[in-house]
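Just below is one structure, and these are the notes that go with it.
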There are 2 protein chains.
Amino acid sequence: MTSDGRPERGDGPGRVSRPGRRSGHTEPYTLASLVEVAARAFNERGYDATSMEDLSRAAGITKSSFYHHVSGKEALLRAALDRALDGLFGVLAEPGAVSGEPVDRLRHIVRRQVEVLVTELPYVTLLLRLRGNTETERWALARRREFDQTIAGLVAAVRDDVDPVVAARLLSGTVNSLIEWYRPGRMPTADLVEAVDRQVFEGLLR
Amino acid sequence: MTSDGRPERGDGPGRVSRPGRRSGHTEPYTLASLVEVAARAFNERGYDATSMEDLSRAAGITKSSFYHHVSGKEALLRAALDRALDGLFGVLAEPGAVSGEPVDRLRHIVRRQVEVLVTELPYVTLLLRLRGNTETERWALARRREFDQTIAGLVAAVRDDVDPVVAARLLSGTVNSLIEWYRPGRMPTADLVEAVDRQVFEGLLR
DNA sequence: CGTCGCCGAACGATCGTTCGGTCGGACTGG
DNA sequence: CCAGTCCGACCGAACGATCGTTCGGCGACG
């Protein structure tokens, strides 16, 4: 943005060309692109601490223009959560997750879940930090619980000598915790998958 | 609180006895007790989504009275974070954490960390959800990073065939994730300690 | 009689959202 | 080809609501 904090357009400095349609056809403000901007900002400062002014500035337009493209703040959150949940439930629908030995299905899900966390990092991060304040958040939390219960069922089939609910929660906790520190590009996804797999199934003591 | 949403005092309905000093000497509004109320509320709705009105209502007094005991919202957060960090660093100072074989020291810290998470649950939860928006939050995050690095050093001494930084982060993720689901009283702390210990060090496949 | 705990009312700031209007390209009929 | 019309992208300004915080006063107790 400009030094005085005002949004900046893609064309030259000092706003040489007038507003209105951008010259040529540079990237339009699609809903998906604005959701991406919003998800990134929500993760940096938190949903409540991020104002619509912040979002519109990050998108490069004014607040009122921003409302021309999106219906409101909560709609942005909902779209981001939708994307995260679609990715996670997509894993559960894969062949490797629905057939085979329980231990193999669990391993497949864990490894693929790591990959989804990486590719959909901003959206899943949002999902995992929900507090359930609004109806939208509670709906997403309910779907997330559904996902977790599927995993808990598989854990129960793999081990019956430990509390499957606790074990499943610790498992999910391990996998999901990578949103706190993993940043794309710093480490090959395959290495991350391997590290999580080994730590989860073999533990720290080889 | 009362049905019309107004704060409710300890004495009978309809506010029979007058405000001012409570009769006898029922619990005073100490800073610690208000911090406890605040931490609980912050965790339920999130720090930004929790208003001072919410906090004062939960404490049973009006917003302006609340300010008679507390200097501001951020001071409450700081006090809560202080308590959490004191608990965690206290573990690092224990004899079992400073001497002995690295693997034993690590095991001691993990088990004691679980116990601290349980006893100081609301405060540690707050600590683990920080975004770093204010100076107070960044200070707490820096101290927390200090704690994590100590653990990373021990992990590196225990295993040199895996990336110690990644392994340490997954370890912390597993331990810390219990704030998301553990609620006191539902399960003996000793059982929880045992479950975390086994999952962390032995993994899911015995 | 002073002080302490408490209160209602109000402060300025900022929030999410709405509104009226301007500008410029796309489309249309002649 | 051109005048006329339309429409979508954009903007500044303002809305009511709510935020954290402050202030002046009141009533009871030591």
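Sequence lines set the chain letters: A, B, ... in the order given, protein chains first and strands last, and positions in each chain run from 1.
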Is it true that A:Glu44 and A:Arg40 have a side-chain N and a carboxylate O under 4.0 angstrom from each other?
->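 Salt bridge between A:Glu44 and A:Arg40, a charged N being under 4.0 Å from a carboxylate O: no.
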Does any N or O in the side chain of B:Asp197 come within less than 3.5 Å of the main-chain N or O of B:Val193, such that one atom is a donor and the other an acceptor?
->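 Checking the backbone N and O of B:Val193 against the side chain of B:Asp197, no donor-acceptor pair under 3.5 Å is found.
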Please list all pairs passing the salt bridge (charged side-chain N to carboxylate O under 4.0 Å, His left out) test where one or both residues lie in residues 168-196 of chain B, with sequence neighbours left out.
->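 Qualifying pairs: B:Arg111-B:Glu194, B:Arg129-B:Glu180.
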Please tell me which of the listed nucleotides, C:dT17, D:dC11, C:dC6, lies nearest to the side chain of B:Ile61?
->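 Selected nucleotide (nearest to the side chain): C:dC6.
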If you take all heavy atoms of B:Val37 and B:Ala59, which pair is closest and at what distance?
->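 Taking every non-hydrogen atom into account, CG1-N, 4.2 Å.
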State, to 0.1 Å, how close A:Val116 and A:Val124 come at their nearest heavy-atom pair, and which atoms those are.
->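 Shortest heavy-atom contact: O-CG2, 4.4 Å.
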Look at B:Thr62 and C:dC7 and indicate whether a side-chain polar atom (N or O) is within less than 4.0 Å of OP1 or OP2.
->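 True: B:Thr62 side-chain N/O within range (under 4.0 Å) of C:dC7 OP1/OP2.
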Considering just the side-chain nitrogens and oxygens of B:Ser64, establish if one lies under 4.0 Å of OP1 or OP2 belonging to C:dG8.
->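 No, B:Ser64 has no side-chain N/O under 4.0 Å of OP1/OP2 on C:dG8.
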A:Glu53 CD to D:dA13 C1': how many Å, rounded?
->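 In whole Å, D:dA13 C1' lies 12 Å from A:Glu53 CD.
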Value in whole Å for how far the C1' atom of D:dT21 lies from CG of B:Asp54 =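 Distance, rounded to whole Å: 16 Å.
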When you measure from the centre of the six-membered ring of B:Tyr67, is the NZ or CZ of B:Lys73 under 6.0 Å away and within 45° of the axis?
->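 Negative - B:Lys73 is either too far from the ring of B:Tyr67 or too far off its axis.
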Cut-off 3.5 Å, no hydrogens considered: what does the side-chain donor-acceptor table look like for residues 140-153 of chain A, sequence neighbours left out?
unit_1, atom_1, unit_2, atom_2, d
A:Arg144, NH1, A:Leu127, O, 3.4
A:Thr150, OG1, A:Glu146, O, 3.3

Any side-chain heavy atom of A:Pro122 within less than 4.5 Å of one from A:Thr125?
->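 Heavy-atom side-chain distance check fails, nothing below 4.5 Å.
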Between B:Leu55 and B:Phe42, is any pair of side-chain heavy atoms under 4.5 Å apart?
->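 Yes, their side chains come closer than 4.5 Å.
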So, B:Thr62 and B:Ser65: side-chain donor and acceptor under 3.5 Å apart, yes or no?
->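 Checked: B:Thr62/B:Ser65 side chains pair up, N/O donor to acceptor below 3.5 Å.
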Residues touching DNA chain D, which here means a heavy atom under 4.0 Å, drawn from residues 30-47 of chain B |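 Hits under 4.0 Å, by residue number: none.
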Among residues 66-74 of chain B, which contact DNA chain D at a heavy-atom distance under 4.0 Å?
->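 Hits under 4.0 Å, by residue number: B:Tyr67, B:Gly72, B:Lys73.
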State which residues pass side-chain hydrogen bond (donor to acceptor under 3.5 Å, both in side chains) with B:Asn43; sequence neighbours excluded, sorted by chain then number.
->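 side-chain hydrogen bond (donor to acceptor under 3.5 Å, both in side chains) list for B:Asn43, sorted by chain: empty.
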So which protein nitrogen or oxygen atoms get under 3.5 Å of nucleotides 14-18 of chain D's nitrogens or oxygens?
none

